[in-house]
Structure formats: structure tokens, C-alpha cells
Amino acid sequence: LKIGLNKGFPVEKRAVAQRPSQRRNANARVKLVREVIREVAGLMPYEKRILDMFKTGGAGAEKRVYKFAKRRLGTHRRSVAKREEMKNVLGQIRARQAMA
């Protein structure tokens, strides 16, 4: 076949082993350990700064938090994940304050 979706020499797809980066889903034990560490050690200084940015906030708070996290963490995906994580932490803090 010279044209179309199936053009080229017909070959068999090779089974390639998964990369470690594609296997990164934490099991229950790892999640528990991370949770305990977070509980004992608390937030890192830059995470506290992110929470402060959210609190003092305003319209562009999310973008500023994203840019700050990206500078600290290096990649878009990590910074977006950290922003969401910090939003959840702030929500938990506010929920605890509302209960008390």
C-alpha cells in the first residue's frame, strides 16, 4: 500500500517494556507513609508561601501560585499538581476552622 492509513511495509508492533515513569502509581503503603510524614513534618516553607498567596489572593492568585510553583518544581505538570494539592490543604484548614 502506497497511500492511506495503512501505508508502508506491514510490520508487527513490538512489545516494549513500560518505563518507570509510567509505573508511578503509589500503593496503599506508600500513601500511608507519605500521609504520616506530611502530618509529622508539616508543610515546607515554599508550600506555606503558596498558602499565603491563596489567602491574600485576589484575581490572579492561581496564576501567581502556578508561576511560583513552576519556578520551584521545574515542570508544568508538577506545578499544576502542587497548586491543586495546596488548594485541597487550604480547604481542609478552612473546614477544620469552621468545625471549631
Side-chain angles (χ1 to χ4, degrees):
L1 272 66
K2 291 190 178 189
I3 57 170
L5 287 174
N6 300 317
K7 69 180 181 182
F9 189 81
V11 294
E12 199 175 315
K13 265 284 200 206
R14 287 176 53 216
V16 183
Q18 262 191 340
R19 291 172 164 222
S21 63
Q22 294 169 332
R23 282 186 265 148
R24 279 192 50 157
N25 49 345
N27 58 24
R29 182 169 166 269
V30 171
K31 285 180 183 173
L32 177 70
V33 168
R34 286 180 183 163
E35 192 179 310
V36 168
I37 290 171
R38 170 53 58 99
E39 209 172 298
V40 171
L43 298 172
M44 287 179 261
Y46 82 94
E47 291 175 333
K48 288 177 184 171
R49 236 174 111 182
I50 288 174
L51 287 180
D52 194 45
M53 283 180 188
F54 273 131
K55 285 175 188 171
T56 56
E62 289 223 1
K63 186 174 181 180
R64 271 188 295 119
V65 166
Y66 164 75
K67 285 180 137 185
F68 178 75
K70 188 160 185 309
R71 292 287 299 164
R72 293 300 162 104
L73 300 171
T75 67
H76 170 77
R77 186 173 288 172
R78 286 177 183 173
S79 59
V80 169
K82 182 59 74 175
R83 182 178 65 186
E84 293 306 310
E85 183 188 338
M86 289 295 105
K87 267 202 261 184
N88 292 339
V89 167
L90 187 63
Q92 290 170 355
I93 290 170
R94 286 185 174 153
R96 262 190 248 122
Q97 286 174 345
M99 295 287 266

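Since we're looking at a predicted model, the values are computed, not measured.
A search for side-chain hydrogen bond (donor to acceptor under 3.5 Å, both in side chains) contacts involving Arg64 returns nothing, not counting sequence neighbours. The salt bridge (charged side-chain N to carboxylate O under 4.0 Å, His left out) check on Lys70 picks up nothing, with sequence neighbours excluded.
Residues Leu51 and Ile93 meet the side-chain proximity criterion, which asks for heavy atoms closer than 4.5 Å. Side-chain contact between Met44 and Arg49: absent, with no pair of heavy atoms (C-beta onward) separated by less than 4.5 Å. A heavy-atom distance below 4.5 Å is found between the side chains of Tyr66 and His76. You'll find the side chain of Asn27 stays beyond 4.5 Å of the side chain of Lys31, heavy atoms only.
The other members of the hydrophobic cluster of Val33, by chain and number, are Ile37 (side-chain heavy atoms under 4.5 Å, ILVMFWY only).
In terms of heavy atoms, Arg83 sits closest to Val65 at CG-CG1, 3.8 Å. Nearest heavy atom pair, residue Leu90 against residue Lys55, reads CD1-CE, 3.7 Å. The two residues Gly57 and Ala61 come nearest to each other via the heavy atoms CA-CB, 3.6 Å.
Salt-bridge annotation for Arg38 and Glu47: present, with a side-chain N of the basic residue lying under 4.0 Å from a carboxylate O of the acidic one.
Cluster membership for Val89 and Val80, using ILVMFWY side-chain heavy atoms within less than 4.5 angstrom, is not shared.
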Could you walk me through whether Arg72 and Lys82 pass side chain to side chain contact (heavy atoms under 4.5 Å, CB included), step by step?
CA-CA 10 Å; Arg72 293 300 162 104; Lys82 182 59 74 175; over 6 Å; no

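Phe68 and Tyr46 have tilted rings, their planes meeting at an angle from 30° to 60° on a 0 to 90° scale.
One distance of note links CG of Asp52 with CE of Met86; it measures 13.0 Å at 0.5 Å rounding.
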